[in-house]
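A, B, ... follow the sequence lines: proteins, then strands. Residue 1 opens every chain.
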Number of protein chains: 2
Amino acid sequence: MSPVVQVPAQVSATPGALLHHVRTGRAKSRAELVALTGASRNTISNRVDQLIAANLLAEGGRGWSTGGRPPTLLQFNAEAGCVLAVDLGVTSVDVAVTDLSARVLATAGHPIDISAGPVAVLAEAERLAREVLTEAGLRDEDVRSVGVGVPGPVEFSTGRPSHPPIMPGWHDHPIPDAFGRWAAPVFVDNDVNVMALGEMGVGGSVQDVLVVKVGTGVGCGIIVEGRVYRGAQGSAGDIGHIHVPAADGRSVLCRCGNTNCLEALASGASLLRDALAAGLPVTTTRDVVELAAHGDGAALELVRDAGRTIGTVLASLVNFFNPHRIVVTGGVARAGLPLLSGIRESVYARAMPLAARTLDISVSDAPDLSGRVGAALMAIEGYLDEDSVREAITS
Amino acid sequence: MSPVVQVPAQVSATPGALLHHVRTGRAKSRAELVALTGASRNTISNRVDQLIAANLLAEGGRGWSTGGRPPTLLQFNAEAGCVLAVDLGVTSVDVAVTDLSARVLATAGHPIDISAGPVAVLAEAERLAREVLTEAGLRDEDVRSVGVGVPGPVEFSTGRPSHPPIMPGWHDHPIPDAFGRWAAPVFVDNDVNVMALGEMGVGGSVQDVLVVKVGTGVGCGIIVEGRVYRGAQGSAGDIGHIHVPAADGRSVLCRCGNTNCLEALASGASLLRDALAAGLPVTTTRDVVELAAHGDGAALELVRDAGRTIGTVLASLVNFFNPHRIVVTGGVARAGLPLLSGIRESVYARAMPLAARTLDISVSDAPDLSGRVGAALMAIEGYLDEDSVREAITS
DNA sequence: GCACTAATGCTCAGTGGTGAGCATAAGTCA
DNA sequence: TGACTTATGCTCACCACTGAGCATTAGTGC
């Protein structure tokens, strides 16, 4: 007898699922939805009608004929509302309004110090949110949900930070309350998880992906089969304090108290420290990255070296996790190729060929934006879940 | 507005799901199934009747009253058939027959050399399978499915090894065909994945677990939310060739051609090599493990040292993956505490406290058996899937 | 023994998805 | 233009699950 039969992967046909299939482009017409879900034409037709009545879907002309009547194309009505996306960083807060397909309609940012505490910082975030809404010509009632990324561990279900090491005073603070002005659900998560969503994009395929954020520190978002993986305590992806043997045998003290943590040797903070030590004319990490991007030899070598160090850790993780793809983002990722080539050098040298051969390592297209886009996607997914959609079509 | 509302985690109520809930002990009566699944009493009652008629469930007396009529207890009929479990090792093949709750009814093994090729080895496995069936007093028709664990990468859907490094001649060989005598589906997977299932047990909770096999080589089975994680090419968990800096700065050549791979420094093979170099009276890895288990100082220190080395790698993986639990199994795991304490020493010293604090690191209760039990569980899960159950109750 | 409660069985109307069948719309192909 | 094909709409018998209601069984507590 033959072994396992390939399961036809029966796809759900609930209203929310149908909407999702159209949004992600997996189906563009009623007929494709029938083929994809296996549900009857009747069911699909009725539900699509409901979704159109609820203004979530719209008919958009005719498609290409394949020998008979061409299908009526369906498209997601991304203008049926908007979401607020908040990217809380260590030194700045960035806010955007996007439509329901995460297209940025307006954005604004402001330098802050995260250690100023939640009240001051969140007040600034709320101010910026009102500002971008006005700029985009939207009203408070248009806001469907709010997504917030923060640089530390968060209890996702309550939206409260959980003993964040670099956010003094934020522990257990109810972040959602700051956005009470909008009668909308607020979703809060760690910034690397949020960025991981941003890098997956709207039609994020069902894949295993690592999103490495190289900013002031180093973190990693983990996507298992298209969904964020959080681990036992929600601290999965915390690779910044993995122990790394320094190439030259030196011992570097990390802010966590140990020596030779990954982010003590290769991060925005370490780049700045080493650049200053080398006498380069810089005052911020951004300066170092800019220098490297403009081809300054010393800065370039520093960035490439950081890449090599990160790559040694990623090589181990590639063997262990065997991802389809690794995306590098965060402030230092703006340096682009020098960082990437350093990472690739180490990974391809040290990871097993089977896992490394088809592995795609790339840098984010817009490292600055991925936090906001990810927060928007988180908010959109949260808004368009099964329950909300059901509610929308029955009311 | 409040953030995410806790989802009531609606549990499936299909026949296969009901069976699963009873098997795993999540529900013990019709009433509990109603409460667990949210389905109507009617539906549950009908389906349970069908499952009883199909001989998959049985009523087993009355439960404890909570003030009214006590529930009629349901139990899984584990004697409704048996499965064959085959554990293919590098130097031996072990076969067991188990009932449908993975209880071993009979088992047998035989030394082989995996490099003798698939035809000879699988013939021996088939012979042993017939032997254990006879010993357990079972007939060929009682066999519901077959599970096979092999020491190398496998394309799960076809049951064929995929360029296995230590199984010359096995590439693409259709292992299921060797068990054609039994009109039953054959499931084949990598031995660490199989062992991971074995360590999870029948009622495996929905958790994130790493199962580290320390045998001739070192491998790792990954359980994400209760299910085996395989990665992009199915090579996830291949931690044997992660690069490790040797504590004493020496450089050890691995069979893969690189230096200082984890399994070059800490594995059954390296233990034997180092024990021989130290002049210990041993000829196999098993001898070294026995010596350590009996308290020989030199062997003990070798094992503990291997544990420390493995622990350095696991410390990184704990930060990255944040598992609930790590289970150590395989031949070397029979050494028990010395290996475990070495691993714990490194992990607790180097992993982040948040992830390490509640982490449970333990050694398998029966390292020798976990391959067979895991193969049996894989076979049972494969047999009792939704489709098979549906077929069983309608025929 | 009696009131109460919980688990289960059975019936029946209501609801929603299925599949077949028929009709229609809007293309392609010869 | 006419035959064919595909996408979609609509109707209707059928079936499975639901939820309410009623009955029965087998415990607990007084």
Side-chain angles (χ1 to χ4, degrees), chain A residues 8 10-19 21-22 26-54 57-75 386-387 389-395, chain B residues 8 10-19 21-22 26-54 57-75 386-387 389-395:
Chain A
Q10 196 60 15
V11 182
S12 179
T14 58
L18 295 185
L19 184 59
H21 296 149
V22 174
R26 287 208 284 179
K28 295 178 197 65
S29 66
R30 293 169 177 83
E32 282 182 29
L33 284 170
V34 169
L36 181 67
T37 63
S40 73
R41 275 181 21 222
N42 240 322
T43 311
I44 298 296
S45 199
N46 287 334
R47 290 198 175 144
V48 167
D49 288 350
Q50 286 181 304
L51 288 167
I52 290 175
L57 283 184
E59 295 191 337
R62 303 210 163 274
W64 231 55
S65 166
T66 57
R69 170 176 171 175
T72 311
L73 295 184
L74 299 173
Q75 54 190 39
E386 205 56 62
D387 294 339
V389 171
R390 185 161 295 140
E391 198 180 316
I393 64 179
T394 51
S395 64
Chain B
Q10 196 62 16
V11 182
S12 178
T14 58
L18 295 185
L19 184 60
H21 297 149
V22 175
R26 288 208 283 178
K28 296 180 196 62
S29 67
R30 292 170 178 80
E32 282 183 29
L33 284 171
V34 169
L36 180 68
T37 64
S40 75
R41 276 182 21 226
N42 243 323
T43 311
I44 297 296
S45 199
N46 288 334
R47 290 199 175 143
V48 167
D49 288 350
Q50 286 181 305
L51 288 167
I52 290 175
L57 283 184
E59 295 191 336
R62 302 210 164 276
W64 231 56
S65 166
T66 56
R69 169 177 174 176
T72 311
L73 294 184
L74 299 173
Q75 53 189 39
E386 205 56 62
D387 294 339
V389 171
R390 185 161 294 140
E391 198 179 316
I393 63 179
T394 52
S395 65

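Every residue two or more places apart in sequence or in another chain that forms a side chain to side chain donor-acceptor pair (under 3.5 Å) with A:Arg62 is listed here: A:Thr72. Qualifying side chain to side chain donor-acceptor pair (under 3.5 Å) partners for B:Gln75, counting only residues two or more places apart in sequence or in other chains: none. With sequence neighbours left out, the side-chain contact (heavy atoms from CB on, under 4.5 Å) criterion links A:Ala31 to A:Ser29. Evaluation of the side-chain contact (heavy atoms from CB on, under 4.5 Å) rule for A:Ile44 yields A:Leu18, A:Arg30, A:Leu33, A:Val34, A:Thr37, A:Ala39, A:Val48 as partners, not counting sequence neighbours. Scored by the salt bridge (charged side-chain N to carboxylate O under 4.0 Å, His left out) test, B:Arg69 finds no partners at all (sequence neighbours excluded).
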5' to 3', nucleotides 6-13 of chain D under a 4.0 Å protein heavy-atom cut-off (B base, S sugar-phosphate only, - none) gives BBBBBBB-

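Atom pair B:Lys28:NZ and C:dT8:C1' shows a separation of 19 Å (rounding to whole Å applied). Per the geometry, CD1 belonging to B:Ile44 stands 15 Å off C1' belonging to C:dG9, to the nearest Å. In this structure, the CH2 atom of A:Trp64 is 15 Å from the C1' atom of D:dT5, given to the nearest Å.
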